[in-house]
Structures are given as C-alpha cells and as structure tokens.
2 protein chains.
Amino acid sequence: MSTAAVADIRPYHHGDLRRALVDAAIRILEREGPSALSLRAVAREAGVSPAAPYHHFKDKGELLDAVAHVGWEALGEGMSAVQGEVPDLSGLMTEIGVAYVRFSQDHPALYRVMYDTARDKDSLPEGMQDKEDGAYCLVRNTFRSVAGPDVPDVDIELATIAAWCAAHGLAEMSGFAQFGPLKDAFGGDAGFLRAVLSHLGMFQPKLVKPT
Amino acid sequence: MSTAAVADIRPYHHGDLRRALVDAAIRILEREGPSALSLRAVAREAGVSPAAPYHHFKDKGELLDAVAHVGWEALGEGMSAVQGEVPDLSGLMTEIGVAYVRFSQDHPALYRVMYDTARDKDSLPEGMQDKEDGAYCLVRNTFRSVAGPDVPDVDIELATIAAWCAAHGLAEMSGFAQFGPLKDAFGGDAGFLRAVLSHLGMFQPKLVKPT
DNA sequence: TGTCCGATCTGGACAGTGCTTAGATAGAAG
DNA sequence: CTTCTATCTAAGCACTGTCCAGATCGGACA
C-alpha cells in the first residue's frame, strides 16, 4: 500500500541490489569494523534474504572485491586532490604520501579490506593500477614529472615501489596509536607524519636517482 | 598399553597441552595458511576435544597472541643473526632489512598473524619490543651505533620508525609477486630487494640525520 | 492483450565455527 | 585410600558461508 514512500527503494525485485549490497557492506565496515562484515549481515543491512547476494556475487570474496574496488577509487581521488594544492613539485610527493596515510586513517576498515582481498589472490590489488588514473600510476607519473628526463624508467619504477611500500607501512603502523614513539604522531596535524616521510628518502625528489 | 612409545606425548592428561596447541597452530599455519586456522582445527591437530583449548586460553585471540609471540622471537633471532656476518656498519642496516623481509617470505602466514593479532588491540605487537632483545630494539640500537653520538635520541627513534615502516611495507608487498615490476624482485638472490632498500634513505646510515 | 521465460529473490537446510555449561577423569595431596 | 583440583570431554547454542527447491515478477514474444 505504501509504495508511494519517498525513498522506498524496493520497487520490483529490488532495483539494483548489487550496488545496494556493496553500499551496505561499506556501511557495516565503517560502523562496526571488518570483523562484523559477514555476508549475512550485509544481506540483513540491505533488507534481503541471506541467499540473495549469491545471485550477484559468486561468493563472499567477490563481494569484498567489489567493496575494495570502491575503496581504491576513493583513495585515488584523495591522492589526486592534493595535486592542485601544492605549488612546488618538491613537496608534492610528501603531500601525496600524507593523503595516502590520511585515507587509511579515515577509513581503516575499508583500507584493510582493500589489501586483504588482494592478499588472498597473491596479486596486487586490481583497482590500484587501474587505467591511467589508478593511484599507483599517479605516484609514478609524479615521480616522472619531478625527476629529470635523464632518469631511466627503471629508476622511476623502483622509486614508485619504494615509496608505495613506505607509505603502506606507515599507514599500517598508524593504526598502533598507543605505542610510545608513535603516540600523537598521527593525530591532529600531520607534522610528525611529514617528519617521518622526510626521513624516507623516496619522498625527496633529489633522491629519486641515488648513486 | 603402549605407554612405552618413544614420543607418545600423552602421559597423563596431556603433559603440556598449551605448548602443544601453539605448535599445532603454527603447523596448520605453515601447511594451510591463515584461513584454515580455526580453534577446532588446532584442537583436532593436537588430538584433543574442541573445548580443551579453553582451559589454557581465554579465547581464540589469546591463542593467536601466543602464536604471534613465538613468531616475534623467531624474527628477532633472524635479524640478530646477520649482526656478525656483515663487516661494515654501513651495510648492516640493509642486511637487517633483508633479514626482516626474508622472514616474512619464509613464514608468510605466521607473519600475518603477528600483525593481525596486534591490530585488534590497537597497540604495537608486544613481542616486537620485548626486553632488550626485541626486534625493534635491535634496529634502534643499530641506528645508535651507526649514527654519531651527536645525533639526538629523537632522531634515532624517528629513523627506527621510518625504517620499520619501510621494511614492513616491503614485506607486505613482497607477497604480491605476480605484479610486473615486482616479479622476480623478491625471489632468488636479494639483489632487487637491496636496490629498493637503498632507495629508502633509512637504510643508508648517512641519512640518519637529514637536514 | 495474454502467455510464457528467465532473472531475481525466499525459506530451509547443511556443515563448520567460537564459545559455554555440566559432567567425567585422573594426578596429587591428605 | 579418600578427597581435592586441574584438566579434559560431550553436548549444545548462536552464528557463519553456501547450496538447493520453489516462489515471484519484469520483460519479451505471440
């Protein structure tokens, strides 16, 4: 009878359940963390039977893949956003690193899923190196711009890998906020974070090509 | 009747079940990976009822803590072992980093558990900074030896954190071996690994105190 | 317009999980 | 030899991922 409700997203079979499930999963992730993310809970959150997801995803892993993909897109956008805000190229890499770690702090559960699903497949996350606008490409292109044209590609790739490893390690460690030396390091302004990043040679363009 | 069997570790109630459970867990971890590590599977592997572990560990998490602790001890030993093998202090940090990544490659499942159990507690892994011989202390002390006495403690700490983050990030990435640029990077000799480490300023003592 | 088809969703079931409780067992202490 | 206490088992609860038979409904085709 009340089919006229404003946002009663339940017209026929469900409209776009696949999308709704991914959204529901992210909602649970942000609200209760990764340990609460069961397939049944997602179905419950979306107001659907426990077996419904299986008509859109092969299994739970495939749902998580879709969730992770959304995460990679968001991370890529967050990293791209700082590009116009920094005047000198010298500080750009550092700010991209800050944006990366910030994302992992703002969406810790999502960030975890992004790497966990990839780990189960023994391959780098798909969304990470998507097309031209993937987050990985962004870093590599930035290195390419910062470095002179005389720097060979292999060094650019090496630098990108090193920077990515450092940022990822930093992001993981930032979760352990109670630890003495790391306390207050990742909260508030990113001063300490920038200090650690500056200790990592990769984020100083002059070190792109070490002797 | 056959109580005279050589290694029939089942004398009374079980002897030392706690230890046996941790060993069984690690065995499962190395054989089938983290996803197969259920408490019931551990009990099965140890030849004991599913409820038996609860007399030695509050819950599954506490068992994993014990497993992780064994892992941290092994990692610390692995990192310490290279100390006598490198003549110059300059290369020592790099070799410690290599030892760290190597451990994560040799025991990927155990390595994952070591960080996962810590993450649930929002604090750095306990075993990591144990006593004087913890792995973290080893790195800090090495930095202390490499750097001159004029380098303040805060910079040593900063360098240790940065190095740890970089090594951890590298260890995590080394699992994604299928990725183009990383392919062959972590296998065989550690040449590529050393190259990436050298790109990370932290592993070059001269960079301990950046301007 | 009416009928059927195929995609979508439900209800129920199965094995496996973490964990609890009540009771059995056996080593040690009296 | 009895008793006590730590250890272990059996049975069961709520939950999970996954599959299956059947219900439902939108759209295509007549």
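Quantities reported herein were computed from a predicted structural model and do not represent experimental measurements.
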Inset, instruction - Kindly write out the residues that satisfy side chain to side chain contact (heavy atoms under 4.5 Å, CB included) with B/Ala109, not counting sequence neighbours, or none if the list is empty. - result: B/Leu29, B/Pro34
Legend entry - Listed partners of A/Glu77 passing side chain to side chain contact (heavy atoms under 4.5 Å, CB included), at least two apart: none
Legend entry - Set of residues satisfying side chain to side chain donor-acceptor pair (under 3.5 Å) with respect to B/Glu30, sequence neighbours excluded: B/His107
Legend entry - Residue-level proximity of residues 35-42 of chain B to DNA chain C when a heavy atom falls under 4.0 Å: B/Ser38, B/Leu39, B/Arg40
Inset, instruction - Identify, with sequence neighbours excluded, every residue that meets side chain to side chain donor-acceptor pair (under 3.5 Å) alongside B/Glu172. - result: A/Arg119, A/His168
Legend entry - Contacts of B/Asp23 that satisfy side chain to side chain donor-acceptor pair (under 3.5 Å) - sequence neighbours left out: none
Inset, instruction - With a 4.0 Å heavy-atom cut-off, tell me which residues in residues 23-34 of chain B come close to DNA chain D, sorted by residue number. - result: none
Inset, instruction - Mind calculating the distance between CG (B/Leu63) and C1' (C/dC19) to the nearest angstrom? - result: 14 Å
Legend entry - Whole-Å gap separating C1' (C/dC19) and CD (B/Glu62): 14 Å
Legend entry - Those residues that, when tested against A/Arg144, pass salt bridge (charged side-chain N to carboxylate O under 4.0 Å, His left out) (two or more places apart): A/Asp153
Inset, instruction - Output yes when at least one side-chain N/O atom of A/Arg44 is less than 4.0 Å from OP1 or OP2 of D/dT16, else no. - result: yes
Legend entry - Inter-residue atom distance B/Ile96.CD1 - B/Leu197.CG, 0.5 Å rounding: 11.5 Å
Inset, instruction - Please name all residues satisfying side chain to side chain contact (heavy atoms under 4.5 Å, CB included) with B/Glu32, sequence neighbours left out, ordered by chain then number. - result: B/Ile28, B/Ala36
Inset, instruction - Enumerate the residue pairs fulfilling salt bridge (charged side-chain N to carboxylate O under 4.0 Å, His left out) with a member in residues 49-60 of chain A, sequence neighbours excluded, ordered by first and then second residue. - result: none
Legend entry - Pair listing, side-chain hydrogen bond (donor to acceptor under 3.5 Å, both in side chains) test, anchored in residues 38-55 of chain A, at least two apart: A/Arg27-A/Glu45, A/Arg31-A/Glu45
Legend entry - For DNA chain D, the residues among residues 50-60 of chain B that have a non-hydrogen atom under 4.0 Å from it: B/Ala51, B/Ala52, B/His55, B/His56
